[in-house]
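Here's the structure we're looking at; comments come further down.
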Amino acid sequence: MRFDVVTLFPDMITAAASYGVTGRAIQREIVSLSVWNPRDYTNDKHRTVDDRPYGGGPGMVMKYRPLHDAVESAKQACSQPAKVVYLSPQGKPINQALLSEACAVSQLILIAGRYEGVDERFVSKDCDDEWSVGDYVISGGELAALIVIDAITRLLPGVLGHEGSALQDSHMNGLLDYPHFTRPEQIEDSSVPDILLSGNHADIEIWRMKQMLGRTWQKRPDLLKNKKLSAAQENLLQQFKSEVE
Ligand code: SAM
């Protein structure tokens, strides 16, 4: 998988992506990451990337040409057609389904805006999609691009130490993850559930599924509205409900 990020702050992307799961995936060449600074595609002495908005109003707008030329350079560096995504509070909400689908694209060019955003003609002419990290505004698209890079990278084969560990994460199957415990067995009056110490892996699997269903019902009941549960899962959820009531 190849990520290209168009950003006025390239060091922010390369530094943050060099840690942990993404850092290891880059080192092992499972993913590659390149950054493109629109400032390198200017030809005035001040390397101007922004200008005042037509119609007046506060703030500055990122100019079309440096963004377009940076994207063109990124596209030329890609060996296959890439999908160009503008990170924007007006975009499709990023969720696990959107990211899982994005894994099928082998080259993503992510555009991080700044200021009041980018010239609208750049969005309509140069971008294939707009993605949002949520219904709030952050100061630049870099953090959003890093979220996308991280969340996709952990889904790629060979990236996480234990195959399948991404599959059990929250949202992968429309449910929240089950609770996790590690040593010590006892913390003040709180102990690890007996079932997890039993060594009975079949029973542990059933208990974990019950917890996933129950926690989703408790914390994010909206997720269960669109989820089709099997008869066995319905039964486990009923058991969970009667145990907490
Ligand atoms: N005026 C823009 C609006 O209200 O739609 C917001 C501009 S914001 C201050 C600057 C940049 O941050 C945007 O161009 C975008 O790249 C990024 N950004 C802000 N909020 C975001 C969000 N929720 N998801 C993804 N990117 C976001």
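Nothing fancy with the numbering, it's 1 onward along the sequence. Ligands are counted one by one from 1 in listed order, and the atoms in each one are counted from 1 as well.
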Pair R154 + D150: basic N to acidic O under 4.0 Å: no
Basic-acidic side-chain contact under 4.0 Å: D50, R114: no
Residue pair E72 / Y41, side-chain donor-acceptor N/O under 3.5 Å: no
side-chain hydrogen bond (donor to acceptor under 3.5 Å, both in side chains) between S170 and Q96, intermediate numbers included: CA-CA 9 Å; S170 294; Q96 202 65 53; over 6 Å; no
Got the closest protein heavy atom to [atom], with its distance?
atom	value
atom 11 (C) of ligand 1	G113 O, 3.4 Å
atom 27 (C) of ligand 1	P89 CD, 3.6 Å
atom 24 (N) of ligand 1	V133 N, 3.0 Å
atom 1 (N) of ligand 1	E116 O, 3.0 Å
atom 15 (C) of ligand 1	L87 O, 3.0 Å
atom 25 (C) of ligand 1	S88 N, 3.3 Å
atom 5 (O) of ligand 1	Q90 NE2, 2.9 Å

Any donor-acceptor N/O pair, R28 side chain to G158 backbone, under 3.5 Å: yes
Within-cut-off N or O pair, I138 and ligand 1, under 3.5 Å: yes
Contact check: V137 vs ligand 1, nitrogen or oxygen atoms, below 3.5 angstrom: no
Suppose I only count heavy atoms of [X] and a 4.0 Å limit; which atoms of ligand 1 are within that range?
X	answer
G140	11 (C), 12 (O), 17 (C)
G134	23 (N)
A144	25 (C), 26 (N)
G141	12 (O), 16 (O), 17 (C)
G117	14 (O)

Heavy-atom nearest option to atom 23 (N) of ligand 1, drawn from Y115, Y136, W131, Y86: Y136
Member of D129, D128, D4 meeting the salt bridge (charged side-chain N to carboxylate O under 4.0 Å, His left out) criterion with K83: D129
Inter-residue atom distance D119.CG - Y54.OH, 0.5 Å rounding: 9.0 Å
side-chain contact (heavy atoms from CB on, under 4.5 Å) partner of L175, the single match among R220, R215, M209: M209
For I111, the option from V5, V71, T7, L87 that meets side-chain contact (heavy atoms from CB on, under 4.5 Å): V71
D126: which of R121, K75, H68 passes side-chain hydrogen bond (donor to acceptor under 3.5 Å, both in side chains): H68
